[in-house]
Amino acid sequence: MKQSPSNINKLTNFEKRVLEKVSEIPRGRVVTYKILAGAVGRPKAVRAVGNALNKNLSLIKIPCQRVIRSDGELGGYRLGSRNKLRLLEKEGIKFSGQNKVEFFKKFIYKF
DNA sequence: CTATTGACGACAT
DNA sequence: CATGTCGCCAATA
């Protein structure tokens, strides 16, 4: 069998570590890209972490919608931030009123 | 090796 | 609050 050369998702070590960590986040909880970066031992590789999540083709299995920005914004999502929002709402995280950063604090998951 | 690309963050304006 | 800028970093071309 010819296994498509550059098709199959080949994840680097770093990317795997990131996705693996994300899998630990429980339903209804979130972490920031920054926290995640620190959790994989690369506290400054925040942007790289985001790029890694972008390679998550198993959105069903890996809940990367639970990774948001430090400024309280949702951040990106492969299938559109609109979907990200919905998924989070389904988990009981529906933004209401006040300061965004403050709001999300009560949902932050500690690795 | 160099340049570019981003689901980011912190800070200045 | 809305931009812009700069720093960071892994992956890619």
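Naming convention: chains lettered A, B, ... in sequence-line order (proteins, then strands); numbering from 1 in each chain.
Phosphate proximity of B:dA7 to A:R69: absent, as no side-chain N or O sits under 4.0 Å from OP1 or OP2. Dashed line: the shortest gap from a side-chain N or O of A:T12 to OP1 or OP2 of C:dA10 is not under 4.0 Å. Distances shorter than 4.0 Å separate none of the side-chain N or O atoms of A:K34 from OP1 or OP2 on B:dA7. OP1 or OP2 of C:dA10 has at least one side-chain nitrogen or oxygen of A:R42 nearer than 4.0 Å.
A donor and an acceptor atom never sit less than 3.5 Å apart when one is taken from the side chain of A:Y77 and the other from the base of B:dA7.
Listed nucleotides C:dA11, C:dA10, B:dC8 differ in distance to A:N51; the shortest reach to its side chain belongs to C:dA10. Of the candidate nucleotides B:dA7, C:dC8, B:dA10, B:dA7 has the atom lying nearest to any side-chain atom of A:R78. Residue A:A45 has its side chain nearest to C:dA10 when only C:dA10, B:dA7, B:dA10 are considered. Taking the side chain of A:K55 as heavy atoms from C-beta on, and the options C:dA11, B:dA10, B:dA7, the nearest nucleotide is C:dA11. In this structure, of B:dG9, C:dA11, B:dA7, it is B:dG9 that holds the atom nearest to the side chain of A:T32. Candidate nucleotides C:dC9, B:dC8, B:dA7 were compared by shortest atom distance to the side chain of A:A48, and C:dC9 ranks first. In this structure, the nucleotide among B:dC8, B:dA7, C:dA10 sitting nearest to the side chain of A:L53 is B:dA7.
Spacing between atom CG of A:L11 and atom C1' of C:dA10 amounts to 13 Å, rounded to whole angstrom units. Residue A:R47 contributes atom CZ, which lies 13 Å from atom P of C:dC6 at whole-angstrom precision. Between A:R82 atom CZ and B:dA7 atom C1' there is a gap of 18 Å when expressed in whole angstrom units. Counting to the nearest Å, the P atom of B:dT5 and the CG atom of A:N54 are 15 Å from each other. B:dA10 atom C1' lies 15 Å from atom CD of A:E73, rounded to whole Å. A:K10 places its NZ atom 13 Å from the C1' atom of C:dA11, with the value rounded to the nearest Å. Protein atom CG of A:L36 is 16 Å distant from nucleotide atom P of C:dC9, rounded to whole Å. Whole-Å rounding puts the A:D71 CG to B:dA7 C1' distance at 12 Å.
With hydrophobic clusters built from ILVMFWY side chains whose heavy atoms lie under 4.5 angstrom apart, A:Y77 does not share a cluster with A:I35. A:L53 and A:F107 end up in the same hydrophobic cluster when Ile, Leu, Val, Met, Phe, Trp and Tyr side chains are linked at under 4.5 Å.
Side-chain N/O atoms of A:E15 and A:T12 include a donor and acceptor closer than 3.5 Å.
Heavy atoms of A:Y33 sit under 4.0 angstrom from at least one base atom. A:S81 comes within 4.0 angstrom of no nucleic acid atom, judged by non-hydrogen atoms across all strands.
Residues A:F14 and A:V49 form a side-chain contact, since some pair of their non-hydrogen atoms from C-beta on lies under 4.5 Å apart.
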task: I would like to know whether A:R66 and A:E91 meet salt bridge (charged side-chain N to carboxylate O under 4.0 Å, His left out); could you show each step before the answer?
output: CA-CA 10 Å; A:R66 296 173 191 156; A:E91 300 187 8; 2.9 Å; yes
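Within the 3.5 Å criterion, the main-chain N or O of A:V40 finds a donor-acceptor partner in the side chain of A:R17.
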